[in-house]
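The first residue in the sequence is number 1, and the count goes up from there. Side chains are part of it too, since the values below use all heavy atoms of this structure and drop only hydrogens, waters and symmetry mates. Every value quoted in this text rests on a predicted model; they were computed, and no experiment measured them.
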Amino acid sequence: MNLYFYLIVFSSISFIYYGINSLFSKRMFSEYSRWGYENLRPFLAWCQLLGGCGLIIGMLHHSLNSLISIVSFLLTIMMLTAVFTRIKAKDGLLLTLPSLFYSILNAIIFFQSI
């Protein structure tokens, strides 16, 4: 197994976990409300879940390698948007770092996949 494999596994599990939390966690309900995205929460949660699953499917089926490229690109965009959302909400660096980390992580996956 190489580093690329582990990056995909880590990212996919993280997005599936975060997507489930976004759907069911009361804390996430309040966070989405604080950001002004309470109406988009279910949609964004499903995007996270589908993104995580898309990375896994693309990894398991090598013929679908383009799926990894598409999904990782979209997750990069989603996480860059999350960085700007955190900045707009005046969250500190510590709260913004995870979004920045996942932006970079998925950008790495994207560029490795093309």
> Does one hydrophobic cluster hold both Ile70 and Met79, with members joined at side-chain heavy-atom distances below 4.5 Å?
Replying inline: no
>> For Phe43, is the CZ atom crowded, meaning more than 12 foreign heavy atoms sit under 6.0 Å from it?
In response: no
> Nearest 0.5 Å, what's the CG-CD1 distance between Leu3 and Ile109?
Replying inline: 9.5 Å
>> With a 6.0 Å cut-off (strictly less than), is the heavy-atom count around CZ of Phe29, excluding the residue itself, greater than 12?
In response: yes
>> Do Ser22 and Leu44 make a side-chain contact, defined as non-hydrogen atoms from C-beta onward lying under 4.5 Å apart?
In response: no
>> Give me each pair satisfying side-chain hydrogen bond (donor to acceptor under 3.5 Å, both in side chains) with a member in residues 37-46, each pair once, sequence neighbours excluded.
In response: Tyr37-Thr85
>> Just so I know, are the side chains of Phe111 and Thr76 near enough to count as touching, which here means a heavy-atom distance under 4.5 Å?
In response: no
> For the atom pair CZ (Phe15) and CZ (Phe10), what is the distance rounded to the nearest 0.5 Å?
Replying inline: 10.0 Å
>> If hydrophobic clusters are built by linking Ile, Leu, Val, Met, Phe, Trp and Tyr wherever their side-chain heavy atoms come under 4.5 Å apart, do Ile87 and Ile77 end up in the same one?
In response: no
>> Test of understanding: with side-chain hydrogen bond (donor to acceptor under 3.5 Å, both in side chains), list the residues that count as partners of Tyr4, not counting sequence neighbours.
In response: none
> So, do Leu95 and Glu31 sit near enough that their side-chain heavy atoms are less than 4.5 Å apart?
Replying inline: no
> What's the spacing between Leu80 CG and Met78 CE if we round to 0.5 Å?
Replying inline: 11.5 Å
> Who passes side-chain hydrogen bond (donor to acceptor under 3.5 Å, both in side chains) against Ser69, sequence neighbours left out?
Replying inline: Ser113
>> Can you confirm whether Leu60 is buried at CG, in the sense that more than 12 heavy atoms of other residues, nucleotides or ligands lie under 6.0 Å from that atom?
In response: yes
> To the nearest 0.5 Å, what is the distance between OH (Tyr18) and OG (Ser11)?
Replying inline: 13.5 Å
> Between Tyr17 and Gln48, is any pair of side-chain heavy atoms under 4.5 Å apart?
Replying inline: no
